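What follows is one structure encoded as structure tokens, with my remarks underneath.
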Amino acid sequence: MLEGQGDDGLEVVRVASGKQPRTVLGAVAGVVAAGAGLACAQLVAAFVRPEANPVTAIGGAVVDRTPVAVKEWAIRSFGTSDKTALAVGILVGLAAVAAATGILALRHPRTGAALAGAVGLLGAVAALGRPGAGVKDALPSLAAGLVAAGVLRLLVSAARRPTPVGGRPGGTWPMDRRAFGRLAGATVAASAVAGYAGRRLGAHGAAGATASRTDLVLPAPARPAPPVPAGADLRVPGTGPFLTPARDFYRVDTALVIPRIDAGAWRLRILGEGVSRPLTLSLPDLLARPLVVHDITLTCVSNEVGGPYAGNARWLGVRLADLLREAGVRPPSEGGPADQLVARSVDGMTLGTPVETVMDGREALLAVGMNGEPLPFAHGFPVRMVVPGLYGYVSACKWLRELRLTTFAAYDAYWVRRSWAARAPVKTQSRIDTPRPFARVAAGRVAVAGVAWAQHRGIARVEVRADGGPWQDARLGTADGVDTWRQWVWEWAAPSGEHRLEVRATDGDGAVQPESRSGTVPDGATGWHSVTVRVGPS
Ligand SMILES: Nc1nc2c(c(=O)[nH]1)N[C@H]1C(S)=C(S)[C@@H](COP(=O)(O)O)O[C@H]1N2
Ligand SMILES: [Mo]
């Protein structure tokens, strides 16, 4: 065990006490080497693409293989920060592996270096497996593996210098640690420079895409859009606006780096079963068509009862049904062979939408604009799909690049392979936004308010009750068609004490939102939202 063990008792003690710090040195060597590798990967990825960064590539591979239950848990626990949580998790995991490798390398330098290289190789395999990857995508990880292995050998040889005592040649612990410290410090500094340079260069690489968005002038719609009806926005303090600003709009996707597409290079292909005239469209091709504006509320199937994953925007786009007709597509009801439209994004996501729904007359859009601006990168620039009445995962493909006509029998899209339903119309939901859960309010008149949605059926009625008493009609904001949510407010004469408020909505077909609670998997949560509040003396 003890390298310097001799017959001199004192020496044994001193070497033994040196063992602890040495293990620490090994761990430090491992982590510093891994950091150098990652910094180098960042730099190389700037010349390949951000998705080729090993942390991103491994993260993407993990996301695609995460069981639904874990994913739902992550969304519940971390909300929209689930991606940050994942990145932190991967970095912590890598640091642990690196530290262990460093400690191992003290004994077996070659094995340690080989292990570092192997981790790089693992990153390369992950990167090559990502959607849209080319051979070059392996480079950042391979470079990381080589650099980490090299740095580890250097640091370990510094840490392993013999540690004799009492003035024998070869130096003593303090001297070795100084040499080690200098080398480690220099490596950290070089890594910081390389990592920073990689970030800057990477940002520069996306400059073309950013400029293509800034320069994009959206044409006016063929018919000017009517304004949002007065009275749609009830402006109750504590509730959000009727139209959700893009910056506040919820974001749900699997992308660890937001795809930044250069609009000039963007193409959409429409092909598949029953397509007699396959189309390839550029953005100018799309923008040359008649554009429509339509207000649509988008909701995520992962939204729990009372949850935040719903937003309402004014979308500008091309009617998808018209494009499909032009490509020769007929819906199943007219004898068309394809019942599923599979949208594919640049980042390899697939979403399957019923062809019948897209072509039944509703405003299913290929959207280019959101609230008067080009789509933000996070929301699908340059083109995404939006279909009123369907959950996002079966309709709202962002960063769209292909529309393929097929059947539900022949093809399962991404989420369907992960226990979600193939068909998922939005379920009627209502939410209390104010008062907040466990809020303390003064007795007297309290505005209870929120939103309710049942896209493409519309909201006909919202009722509220306190403590299981009789249902009371809430006042509804003016309807803006049937594809958006409706705000509602109910004036409550709140008595002192703790009270439970409940809400339920009735859709445009007269169906009352069911009380029974079910989870989000496989096709959306059901149940009434309730909020408990404490009312104090006024
Ligand atoms: N390319 C791509 N498109 C996607 C997704 C995705 O992960 N990747 N997620 C879908 C889901 S589950 C939802 S709810 C909506 C959310 O759209 P938003 O982020 O603009 O609100 O996008 C859909 N489109
Ligand atoms: Mo979603």
Side-chain angles (χ1 to χ4, degrees), residues 51 59-60 63-64 66 68 71-72 74-76 79-83 86 130-132 240 243-261 266 268 296-304 307-315 317 341-353 364-371 373-403 413-427 429 453 455 485 519-525:
E51 291 86 347
V63 167
D64 287 353
T66 303
V68 182
K71 209 170 298 192
E72 287 298 281
I75 291 176
R76 261 199 312 281
T80 7
S81 318
D82 54 347
K83 291 185 181 118
L86 175 68
R130 300 312 298 152
L243 282 181
T244 314
R247 66 173 180 283
D248 298 334
F249 208 93
Y250 81 94
R251 178 183 159 211
V252 171
D253 55 57
T254 58
L256 295 180
V257 288
I258 296 175
R260 289 176 184 265
I261 300 173
W266 180 83
L268 172 67
I296 301 169
T297 297
L298 187 61
T299 14
C300 181
V301 71
S302 295
N303 194 54
E304 306 273 342
Y309 301 138
N312 184 38
R314 175 154 277 211
W315 308 94
L341 175 68
V342 175
R344 187 178 290 270
S345 70
V346 297
D347 62 329
M349 173 55 62
T350 53
L351 298 87
T353 313
L365 299 181
L366 288 189
V368 291
M370 182 179 189
N371 296 338
E373 302 275 333
L375 293 176
F377 285 110
H379 295 289
F381 181 83
V383 180
R384 78 175 300 170
M385 248 173 82
V386 190
V387 182
L390 302 182
Y391 284 120
Y393 85 104
V394 289
S395 67
C397 186
K398 307 194 271 190
W399 315 295
L400 183 65
R401 74 169 175 83
E402 182 187 283
L403 291 171
Y414 185 93
W415 294 108
V416 179
R417 275 177 256 147
R418 291 162 175 80
S419 25
W420 295 90
R423 296 166 187 264
V426 170
K427 294 179 180 175
Q429 272 300 338
W453 59 79
Q455 291 91 313
W485 60 20
T520 56
V521 187
D523 60 357

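Quantities reported herein were computed from a predicted structural model and do not represent experimental measurements. First listed ligand is number 1; within each ligand, the first listed atom is number 1.
- Identified under the salt bridge (charged side-chain N to carboxylate O under 4.0 Å, His left out) test for residues 416-425, with sequence neighbours left out: Asp339-Arg423.
- Residue pairs meeting the salt bridge (charged side-chain N to carboxylate O under 4.0 Å, His left out) criterion with at least one member in residues 382-392, sequence neighbours excluded, do not occur.
- Judged as a salt bridge (charged side-chain N to carboxylate O under 4.0 Å, His left out), and not counting sequence neighbours, the contacts of Arg251 are Asp253.
- In summary, the side chains of Ser302 and Glu72 do present a donor paired with an acceptor at a separation below 3.5 Å, with no hydrogens or angles considered.
- The closest side-chain donor-acceptor pair between Thr520 and Glu304, if any, does not fall under 3.5 angstrom.
- For the residue pair Tyr414 / Asp64, a side-chain donor-acceptor distance below 3.5 Å is found, with atom types taken as modelled.
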Output block, N or O contacts of ligand 1, threshold 3.5 Å exclusive:
unit_1	atom_1	unit_2	atom_2	d
ligand 1	1 (N)	Ser345	OG	3.2
ligand 1	1 (N)	Asp347	OD1	3.3
ligand 1	1 (N)	Lys398	O	3.2
ligand 1	3 (N)	Lys398	N	3.0
ligand 1	7 (O)	Thr254	N	3.0
ligand 1	9 (N)	Val252	O	3.1
ligand 1	17 (O)	Arg384	NH2	3.0
ligand 1	19 (O)	Val252	N	3.1
ligand 1	19 (O)	Lys398	NZ	2.5
ligand 1	20 (O)	His379	ND1	2.6
ligand 1	20 (O)	Arg384	NH1	2.7
ligand 1	20 (O)	Arg384	NH2	3.4
ligand 1	21 (O)	Tyr250	O	2.7
ligand 1	24 (N)	Ala396	O	3.0

